[in-house]
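Notes follow once the structure below has been shown.
Order of the sequence lines sets the chain letters (A, B, ...), proteins ahead of strands, with each chain counted from 1. This one's a predicted model, so the numbers in the text were calculated from it and none came from an experiment.
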Protein chains: 2
Amino acid sequence: MFELDIRSRKPIYEQLVERLKELIITEVLKTDEQLPSVRTLAQQLTINPNTIQKAYRELEIQGYIYSIKGKGSFVSPAIDSQNTEKLLKVKSDLMKLLSEAMYLGVTVEELIVTIQELHASIGGGIENDQN
Amino acid sequence: MFELDIRSRKPIYEQLVERLKELIITEVLKTDEQLPSVRTLAQQLTINPNTIQKAYRELEIQGYIYSIKGKGSFVSPAIDSQNTEKLLKVKSDLMKLLSEAMYLGVTVEELIVTIQELHASIGGGIENDQN
DNA sequence: TAACTGTACTATGAGTCATAGTACACTGCA
DNA sequence: TGCAGTGTACTATGACTCATAGTACAGTTA
C-alpha cells in the first residue's frame with residue numbers, strides 16, 4: 001500500500017502525507033473511510049507510531065482527514081471531488097508543456113531530470129518554503 | 001548579485017549552486033570569466049567561506065566551473081549551452097506546474113509516470129521505468 | 001617575500017528527524 | 001464495569017545535516 005524511501009532526503013512523515021493525499025484525492029480512500037490506526041500502520045510499515053501521528057496531524061491541519069479521540073482517523077468529505085478537477089487541469093497543462101518541450105528538442109529524460117532537480121531544490125517540502 | 005534566504009529549508013550552498021548555474025547558463029557569467037574568490041564572496045554575503053567552497057566544489061563536480069589552485073575559479077566553456085538554454089526556458093513553466101501539482105498532493109513520481117504516459121501516447125518510446 | 005588563490009582538515013553548535021518510552025482521555029464491546 | 005483499542009501529548013536520545021570557526025598547506029602572482 002505504501003512505498004517509503006528511507007534513503008530519501010524527504011522525511012518519512014512527509015512521504016506519508018503525500019501518499020495519503022494522493023489516495024484521498026484519487027478516491028482510493030473515500031469520504032469518511034477510516035484510516036489505519038497510528039499503531040497499526042506503524043507496525044505494518046515497521047516505523048515509529050509517532051511518525052505516523054505526525055503525518056496524520058499534518059493531514060488534519062490541511063483538512064484532508066479528521067480524527068476523533070478513541071475512534072480513529074477518517075477521510076474528510078468534499079476535498080476529493082473539488083481537487084480532481086484541478087488535477088485534470090494540471091495534466092492538461094503538463095500536456096502542453098510536454099509538446100512544447102519536445103518541439104524545442106528537449107528529451108523526456110531531460111525533462112524528468114529537471115523535474116527531479118526542481119523537486120530536490122524545493123526540498124520536497126510543502127510548507128514553509130519559498131522559491 | 002545574490003539573494004539568499006537563510007530561513008529557507010534549502011541549504012545556503014544549494015541556493016548558491018542554483019543561482020550561479022543560472023548566471024552561467026544565461027551567460028551573465030561568461031566562459032572563462034573568473035568568479036569571486038571564496039573568501040571575497042563569503043565576506044560580501046556575510047557567510048562562511050566553507051559554505052562558498054562547498055558550492056564551488058559542487059559546481060565543479062557538475063562541470064559548470066573549473067578551479068585552479070592559487071589562481072581562482074572560472075566558468076567552464078560551453079556545456080552544451082544550446083540544450084541548457086532550452087531547458088531553462090521550460091524550467092519556469094515547469095516550476096509553476098510542479099508547485100501547483102504538489103499543492104494538490106501529486107507526488108513527483110506520479111508526475112513522472114504521467115509524463116511517460118503522455119509521451120508514449122504521442123508516439124515516443126518508453127525508456128525510463130520509474131514507477 | 002607578501003598577498004592573494006584553492007583546498008583540506010577538525011571541532012562545535014543549532015536544528016531536524018525518527019525512535020523509544022510513558023502517560024492520559026476517550027470509545028466500543030463483551 | 002472492565003478492557004482493548006483509539007487519538008494525543010509529552011520527554012529523552014541518537015543520528016544526521018548545515019553553517020560556522022579556526023587552522024593549515026599548496027600554488028600563483030606582483
### Message
Quiz question: by atom type and distance under 3.5 Å, do the side chains of B:Q62 and B:K21 form a donor-acceptor pair?
### Response
yes
Spacing between [X] atom [atom1] and [N] atom [atom2], to the nearest angstrom:
X     : N      : atom1 : atom2 : result
A:Y66 : D:dT6  : OH    : P     : 16 Å
A:Q43 : D:dT6  : CD    : P     : 10 Å
B:L16 : D:dC18 : CG    : P     : 13 Å
B:I52 : D:dC18 : CD1   : P     : 15 Å
A:E60 : D:dT6  : CD    : P     : 17 Å
B:N50 : D:dC25 : CG    : P     : 17 Å

### Task
Could you check if a side-chain atom of A:I65 sits within less than 4.5 angstrom of a side-chain atom of A:I24, using non-hydrogen atoms only?
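Yes, their side chains come closer than 4.5 Å.
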### Task
Under the side chain to side chain donor-acceptor pair (under 3.5 Å) rule, collect the residues that match up with A:T51, sequence neighbours excluded.
none
### Message
Under the rule for side chain to side chain donor-acceptor pair (under 3.5 Å), what residues qualify as partners of A:Q15, not counting sequence neighbours?
### Response
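Result, side chain to side chain donor-acceptor pair (under 3.5 Å) vs A:Q15: none returned.
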If only atom types and distance count, is the side chain of [X] paired as donor or acceptor with the main-chain N or O of [Y] below 3.5 Å?
X     : Y     : value
B:E33 : B:K30 : yes
A:E60 : A:S67 : yes
B:Q53 : B:R39 : no

### Task
For A:P49, check side chain to side chain contact (heavy atoms under 4.5 Å, CB included) against everything at least two apart and list the hits.
A:A42
### Query
Testing A:V17, A:I61, A:L20, A:L16 for side-chain contact (heavy atoms from CB on, under 4.5 Å) with A:Y56, which one passes?
A:L20
### Query
When B:L23 is tested against each of B:V75, B:L35, B:V28 for side-chain contact (heavy atoms from CB on, under 4.5 Å), which residue passes?
B:V28
Heteroatom pairs (N/O) under 3.5 angstrom, protein to nucleotides 3-5 of chain D:
| from | atom 1 | to | atom 2 | distance (Å) |
| --- | --- | --- | --- | --- |
| D:dG5 | N2 | A:G70 | O | 3.3 |

### Task
Tell me, please, the opening and closing nucleotides of DNA chain C, 5' to 3', among those with an atom under 4.0 angstrom from a non-hydrogen atom of chain A.
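First-to-last contact on DNA chain C, by the 4.0 Å heavy-atom rule, is C:dC17 to C:dG28.
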### Query
Under 4.0 Å between a side-chain N/O of A:S67 and OP1 or OP2 of D:dT8, yes or no?
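For D:dT8, OP1 or OP2 has a side-chain N or O of A:S67 closer than 4.0 Å.
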Are any protein N/O atoms closer than 3.5 Å to N/O atoms in nucleotides 15-17 of chain D? If there are, list each pair with its distance.
none

### Query
For A:P49 and B:I68, take the nucleotide of DNA chain C holding the closest heavy atom to each; which residue's nucleotide lies nearer the 5' end?
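The residue closer to the strand's 5' end, by nearest nucleotide, is B:I68.
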#### Entry: Co-members of B:I68 in a cluster of I, L, V, M, F, W and Y side chains, linked at under 4.5 Å
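B:I68 clusters with B:Y66, B:F74.
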### Task
Under 4.0 Å between any heavy atoms, over every strand shown, what does B:Q34 touch: base, sugar-phosphate, or nothing? Just pick one.
nothing
